[in-house]
S.K.: 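The following block contains the structure, expressed as structure tokens.
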Amino acid sequence: MVTQQPSTDEQLRYLRLLSEKYPTVAAASSEIIRIEALLRLPKGTEHFMSDLHGEHEAFLHILNSASGVIREKIDQLFADTVPARERADLATLVYYPEQKLPELKARQEDLNQWYATTLLRLVELCRLVSSKHTRSHVRKCLPESCAHILDELLHAHFEDHDKQLYYQEIIQSIIRYDRADAYITRFCQLIKRLAVDQLHIVGDLFDRGPRPDLILDELMEHHDVDIQWGNHDVVWMGAAAGSPICILTVLKTTLSYNNLEMLETGYGISLRVLDQMAERVYGRSDVTLWKPHGGRADRQEEVARMHKAVSILMFKVEAQVIARNPDFQMQGRDYLNQIDYEAGTVLCQGKRYPLRDRDFPTVDPACPSALSAEESAVLADLVRSFRTSERLQRHIRFLYAKGTVYRCINGNLLYHGAVPMTEEGDFASETFEGRSYSGKALFDYCDRRCRQGYFAPEGSPERQAGQDFLWYLWCGSLSPIFGRSAMTTFERLYIADKSTHAEVKDPYYTQINGPHAAEVADRILQEFGLTGPGCHIINGHVPVRAIEGESPIKGGGKLIVIDGGFCRAYHSKTGIAGYTLIYNSRGLTLRTHQPFESTEKAIRDDEDIASQSEHIYTAPQRVLVRDTDEGAEESARIKDLERLVQAYQSGLLNEGE
């Protein structure tokens, strides 16, 4: 083994630090051997999900089932020996062990025999999903309270006659000492843990669906997750930071879907003061335009009044944000300043339209964006509620810790929205703070500004500017997270002419479907430093209308859109209930899912989500750990360890120092 000697004091200092962990040639060599073996294992499974929009039950089921991976493993092992009904029971048991166990136990005539059979099947299933992992990694995943016994069973050789009685006694003792339920539960948890190495969420956890907070609770417990922020996420990040415009924006969405449980129960945010103002100001107003989509029938009028109150507040604060941020180029979208209050018309896209509602009791036509004293007090109360919600702050800090605008991992580029482009197919440029940004530089700039809005000092101009930028990312025309010309909220509420409602997609979406789509995808990948036939873009944000024959595979096969309408509100538009993606050592597989009815029905009837699989990319040879980002890091460690061994052997460092 020939390695280059350290050439600088800094390199020598690094080797001295490394020697603290590996104080001898034997220790360093053993670690090299371990890593070399690890690099030749098949890569772990990656699971991609997008646009969850608060649909916590469907999310949890797909997470538990690993988009069908676990059921495939069960069928692979037991299709020839176990009836279909029992395989379905076993799958549901793995997904929901605590809930399914009581029902399965109640069916059994010989419970002890069922326990023994189930434990052995779970052992076999667990051994299969652990086959791509080192034994040390599997041990780290074992619960401390029963790690030794689980380890023994996982690495048992039941055909070994010398130990046959030993293994049988372990199983029987587990049953005899009333520990079967606990061990079954631990095995189910371990199977789910080992089936998927990494989980990627490609944006939009919040809004529309009932409980995004429960999704975040689950993600915070996951062993390895990353998140690429969507526009619904960044506006909640701004709300948690205390941005008035972001708070009003998320409240408007929440009220329009009558999703108060998430606010009140999930985050402990009270709307009492808002409700009281809405009753006083809009109690006699016609709030038909503000009726929410669904929800409790007995709260429709109350929610509609709050919805209108928040909308007017939001339009006022929007006008203020637009005025202090000329870089956003949103002049003309400050619609309260564009209204002729006497004529009852509004200027939109250079043309005047009659207003569907002319009731503006809190708006001063001489200064439309000014808040009344009561509105100011209500807004201050809302800001305080969002800032002091401990659970919301915990979730948003997690989003910042695990989230980015984009991520490059194992040859794949992940982002939620779009890479803003021109009609000619070039990367669109936008100027902020006196500098122009496009492509990857724009993404990096947006990431920095997102963090500024939450982490800059309280009361500083930088913090307010960052919070305004979080709102811009929600709805700005060149926001890579939004990817449309405008968020036409005002137009949809106040203007009957539907031509004003259009939210024109960025030219990016035309380019990735056009005649040069493959070249466009390659150019985007190259912009982010990715090249090669195995590289792909994984995108969310715009629901694929499968019902109309639209394909999620774009960019000449290099780009996959995995927003298939996970949220119930989109099912009628897409015809399906979402896509997920699996990337294992064999390649990429797209899963198309049908609607999920309920967790209760899934447990009671063993009803899995009906899904179809489509192979998107098959690797020319099996992908090993050495071919991944982790492999590159571990290979670099080998070189460092080789230098350490050489330093010991040459006398530059002494063993055991």
Side-chain angles (χ1 to χ4, degrees), residues 41-52 58-59 61-77 79 87 91 94-95 125 128-129 131-133 191-202 224-226 228 407 409-414 521 525 530 532-540 543-544 546 550-566 574-594 596 608-625 627-629:
L41 282 173
K43 77 172 285 295
T45 297
E46 297 173 67
H47 190 189
F48 301 80
M49 303 170 73
S50 173
D51 295 87
L52 306 177
F59 160 76
H61 190 86
I62 288 179
L63 182 69
N64 284 338
S65 67
S67 286
V69 168
I70 289 174
R71 182 57 192 264
E72 288 176 356
K73 300 293 186 186
I74 290 172
D75 290 341
Q76 177 183 337
L77 282 172
R87 298 200 306 274
V94 173
Y95 306 160
L125 179 58
L128 178 61
V129 297
S131 61
K132 292 196 292 187
H133 300 283
I191 288 164
K192 289 183 287 190
R193 166 67 179 80
L194 295 173
V196 169
D197 268 25
Q198 294 174 300
L199 175 65
H200 309 291
I201 306 294
V202 193
D224 192 347
V225 62
D226 57 77
Q228 292 70 57
R407 186 176 187 191
I409 181 167
N410 297 333
N412 294 314
L413 171 60
L414 286 55
L525 287 165
L530 300 176
C535 295
H536 293 82
I537 299 166
I538 299 170
N539 206 168
V544 174
E550 183 182 0
S551 170
I553 305 167
K554 304 177 186 298
K558 290 291 190 76
L559 189 151
I560 307 110
V561 179
I562 59 170
D563 181 5
F566 209 94
T574 62
I576 57 173
Y579 296 109
T580 56
L581 195 67
I582 295 292
Y583 180 31
N584 59 25
S585 60
R586 306 291 186 185
L588 284 166
T589 302
L590 184 72
R591 306 293 172 99
T592 305
H593 304 290
Q594 296 305 311
F596 179 70
D608 217 331
I609 293 180
S611 305
Q612 292 180 329
S613 295
E614 179 181 358
H615 295 291
I616 303 298
Y617 167 73
T618 301
Q621 56 191 22
R622 198 166 192 190
V623 184
L624 305 181
V625 172
D627 305 312
T628 66
D629 295 346

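The structure presented is a predicted model; accordingly, all values stated were derived computationally and were not measured. In this chain, numbering begins with 1 at the start of the sequence shown.
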S.K.: Apply side chain to side chain contact (heavy atoms under 4.5 Å, CB included) to the pair D197 and H133, showing each step before the final yes or no.
M.R.: CA-CA 10 Å; D197 268 25; H133 300 283; 2.7 Å; yes
S.K.: Got a sec: does the CD of Q621 have more than 12 other heavy atoms crowding it under 6.0 Å?
M.R.: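 At most 12 heavy atoms, drawn from other residues, nucleotides or ligands, come within 6.0 Å of this atom.
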S.K.: Heavy-atom distance under 4.5 Å between the side chains of L590 and I562, does that happen here?
M.R.: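 Contact flag for L590/I562 side chains = yes.
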S.K.: I'd like to know if the side chain of H200 reaches the main chain of L414, judged simply by a donor and an acceptor atom lying under 3.5 Å from each other, with no hydrogens or angles considered.
M.R.: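 Absent.
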S.K.: Please determine whether the number of non-hydrogen atoms from other residues, nucleotides or ligands lying under 6.0 Å from atom CD of Q612 exceeds 12.
M.R.: no
S.K.: Any side-chain heavy-atom pair from P543 and D563 closer than 4.5 angstrom?
M.R.: yes
S.K.: Could I get the full list of salt bridge (Lys or Arg N to Asp or Glu O under 4.0 Å) partners for R586, not counting sequence neighbours?
M.R.: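 Salt bridge (Lys or Arg N to Asp or Glu O under 4.0 Å) check on R586 returns nothing, list empty.
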S.K.: Any side-chain heavy atom of L559 sitting closer than 4.5 Å to one from H536?
M.R.: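 Side-chain contact under 4.5 Å: no.
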S.K.: Do R591 and T580 have a side chain donor and acceptor closer than 3.5 Å?
M.R.: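 Absent: no donor and acceptor within the cut-off.
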S.K.: Between E614 and I553, is any pair of side-chain heavy atoms under 4.5 Å apart?
M.R.: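 Sidechains of I553 and E614: in contact.
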S.K.: Looking at T589 and S613, what are the two nearest heavy atoms and their distance?
M.R.: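 Scanning both residues completely, I find the closest heavy atoms to be CG2-CB, 3.9 Å.
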S.K.: Measure across I582 and A66 and return the closest heavy-atom pair with its distance rounded to 0.1 Å.
M.R.: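 Shortest heavy-atom separation between I582 and A66 comes out as CD1-O, 3.8 Å.
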S.K.: Please give me the minimum heavy-atom distance between S585 and A619, naming the atom from each residue.
M.R.: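 Closest heavy-atom pair between S585 and A619: O-CB, 4.4 Å.
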S.K.: Identify, with sequence neighbours excluded, every residue that meets salt bridge (Lys or Arg N to Asp or Glu O under 4.0 Å) alongside R407.
M.R.: D226
S.K.: I need the minimum non-hydrogen distance between S131 and L41, along with the two atoms involved.
M.R.: O-CD2, 4.5 Å
S.K.: With a 3.5 Å distance limit and no angle check, can you tell me whether D627 reaches the backbone of L624 through a side-chain donor-acceptor pair?
M.R.: yes
S.K.: Going by heavy atoms in the side chains, are S50 and Q228 under 4.5 Å from each other?
M.R.: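 The answer is no, as the side chains (C-beta and beyond) never meet within the 4.5 Å cut-off.
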S.K.: Rounded to the nearest 0.5 Å, what separation is found between the NZ atom of K43 and the NZ atom of K132?
M.R.: 7.0 Å
S.K.: To the nearest 0.5 Å, tell me how far L77 CG sits from E72 CD.
M.R.: 12.0 Å
S.K.: Should K554 and I537 count as side-chain neighbours, where that means a heavy-atom distance under 4.5 Å?
M.R.: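 Sidechains of I537 and K554: no contact.
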S.K.: Quick one: does Y583's side chain get under 4.5 Å of Q198's, heavy atoms only?
M.R.: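 A side-chain contact is absent here, since even the closest heavy-atom pair is not under 4.5 Å.
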S.K.: E46 and side chain to side chain donor-acceptor pair (under 3.5 Å): which single residue from T628, N412, N410 fits?
M.R.: N410
S.K.: Given the rule in the side chain to side chain contact (heavy atoms under 4.5 Å, CB included) test, do V94 and L125 qualify, once you have shown the distances and angles that lead to the verdict?
M.R.: CA-CA 10 Å; V94 173; L125 179 58; 4.1 Å; yes
S.K.: Could you give the distance from CG (L588) to OH (Y617), rounded to the nearest 0.5 Å?
M.R.: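 Between atom CG of L588 and atom OH of Y617 there are 8.0 Å.
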S.K.: How long is the span from the CG atom in D51 to the CG atom in N539, to the nearest 0.5 Å?
M.R.: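 Here the rounded value is 9.5 Å.
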S.K.: Using modelled atom types and a 3.5 Å cut-off, is there a donor and acceptor pairing between side-chain atoms of K192 and backbone atoms of Y95?
M.R.: yes
S.K.: Only one of L581, L52, V561, I538 passes side-chain contact (heavy atoms from CB on, under 4.5 Å) with V202; say which it is.
M.R.: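 Of the listed options, the one satisfying the test is I538.
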S.K.: Measuring only between side-chain heavy atoms, which start at C-beta, is H47 closer than 4.5 Å to S67?
M.R.: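 With C-beta onward as the side chain, the pair touches.
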S.K.: For K558 versus P533, what's the shortest heavy-atom pair and its separation?
M.R.: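 Smallest heavy-atom distance, with atoms named: CE-O, 4.1 Å.
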S.K.: Working to the nearest 0.5 Å, report the span between CD1 of I70 and CG of L194.
M.R.: 10.0 Å
S.K.: Nearest 0.5 Å, what's the CD1-NE2 distance between I62 and H593?
M.R.: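 Atom-to-atom, I62:CD1 and H593:NE2 are 4.0 Å apart.
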